[in-house]
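Atoms within each ligand, like the ligands themselves, are counted from 1 in listed order.
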Amino acid sequence: MTQPEKIPLSRPSITALEVALAGDAAQNGWGERCYDYIHRFEGEFARHVGVKHAIATSSCTGALHMGMAALGIGTGDEVILADTNWIASVAPVVHLGATPVFVDILPDTWCLDPDQVEAAITPRTKAIVAVHLYGNLCDMDPLRDIGRRHGVPVIEDAAEAVGSVYHGARAGSMGVFGAFSFHGSKTISTGEGGMFVTDDDALYEHVWTLSNHGRARQQKKQFWPDMVGYKYKMSNLQAALGCAQLQRVEELVARKREILQRYRQLLAGVPGLSMNPEHPGTTIGAWMPTVVFAPETGLFSERMVQAFVDARIDGRVFFHPVSSLPMFGSGHGAPQAADVARRAVNLPSFHDMTDAQIERVAAVIVQTLKTHG
Ligand SMILES: *Cc1c(COP(=O)(O)O)cnc(C)c1O
């Protein structure tokens, strides 16, 4: 018996444009021209997000690390994050010697609950990290209001939120700084890569210096760092891929939204399911279509993922509460964060997915709901 073709979770959309620009960078992007695609990608990305400054990095984790370092986050400080998160948003806090403080999420967006954030603020709070989970949007107005009232900057981790817009502002443009990821699984991809963005001139200059092994722009002496910095640079080759992807960003986001919409249609009549919300005044980039099973369905994430494995589909469990990981206390997690994690899965959503593949995924969900138990 022939097995059905495997459906991957994610993979980038690569066209002749990406191949042409990457080929040009490989052939010509050296010597005098070794920064051409990097500078072009930074400029065009800043314009896309609607901010003054952008610095291309080797990862989103690196962008977060440098931004947090430039804000002076260090030993004894606290940084508030949602308990529902990938460890990448948390690791830089730990590397800087600060303490991550995990708070619960809102049950519909799976992002920071502003009331819980306010309750967690102490005199040691140095930042709030708003992660736009799966391309859903954090409620930025109340979060920024809390930040203003307590004198605490709000950082945006927009790694999953290319194409997401909140009240007219793009994700990543609303915090003191924003960080993006171009990992192979993300909406626009350079294989590995990231971007630091900000409107703050002084913060930009500080991160620019940090990103250049501590060598300030005005330093004319060769090999003369002004501080101990970092090495989180993007290569010109990756930036060439990024320029091509960014040229296609509207198309790439539209396709993500179309795939989510198709899942919604196929699952519309099925009771006990909810998916990524899109609140009035917002547009989501739909990076990762996610289904939450209502408690009364009795269906849990692990069971659903097993059904996907059996059907040769690469589904994923929802992020575990970070506070349930061994290095953060092995607790049960905040109530909402723990509850949603047990009942939710991520669905495949790569751009080149066919309608037949989307239907196959939806059919496995419907069938498993009927027959599990
Ligand atoms: C992917 C991701 C990251 C990490 O991005 P890298 O580029 O792999 O460092 C950070 N935060 C979130 C929310 C992500 O989804």
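In this structure, a donor-acceptor pair under 3.5 Å is present between the side chains of D108 and H279. Side-chain atoms of D201 and H53 form a donor-acceptor pair, as typed in the model, at a separation below 3.5 Å.
Of all the atoms in ligand 1, the ones that sit under 4.0 Å from a non-hydrogen atom of G193 are 7 (O). The contact set between ligand 1 and S89, taken as ligand atoms under 4.0 Å from a residue heavy atom, comprises 11 (N).
F180 and F45 have perpendicular rings, their planes meeting at more than 60° on a 0 to 90° scale where under 30° would count as parallel.
Checked for salt-bridge contact, E278 and R257 meet the test: a charged N lies under 4.0 Å from a carboxylate O. Electrostatic pairing of E44 and R47 does not count as a salt bridge here, judged by no charged N lying under 4.0 Å from a carboxylate O. A salt bridge between D36 and R40 is absent, with no side-chain N of the basic residue lying under 4.0 Å from a carboxylate O of the acidic one.
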Q.
What verdict does the side chain to side chain donor-acceptor pair (under 3.5 Å) test give for S13 and R248, after you've listed the backbone C-alpha separation in whole Å, the side-chain angles of each residue and the deciding distance to 0.1 Å?
A. CA-CA 10 Å; S13 163; R248 297 175 53 222; 2.7 Å; yes

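An N or O contact shorter than 3.5 Å is missing between V131 and ligand 1 by distance. Polar contact check, T61 against ligand 1: a nitrogen or oxygen pair lies under 3.5 Å apart.
In this structure, of H183, H65, K186, M288, the residue bringing a heavy atom nearest to atom 14 (C) of ligand 1 is K186. Residue nearest to atom 10 (C) of ligand 1, selected from S181, A88, A91, G135: A88 (by heavy-atom distance).
Counting only heavy atoms of the protein, atom 11 (N) of ligand 1 lies nearest to D157 OD2, 2.7 Å. Scanning all protein heavy atoms for the shortest distance to atom 12 (C) of ligand 1 gives A159 CB, 3.4 Å. Ranking protein heavy atoms by distance to atom 15 (O) of ligand 1, first place goes to E160 OE2, 2.4 Å.
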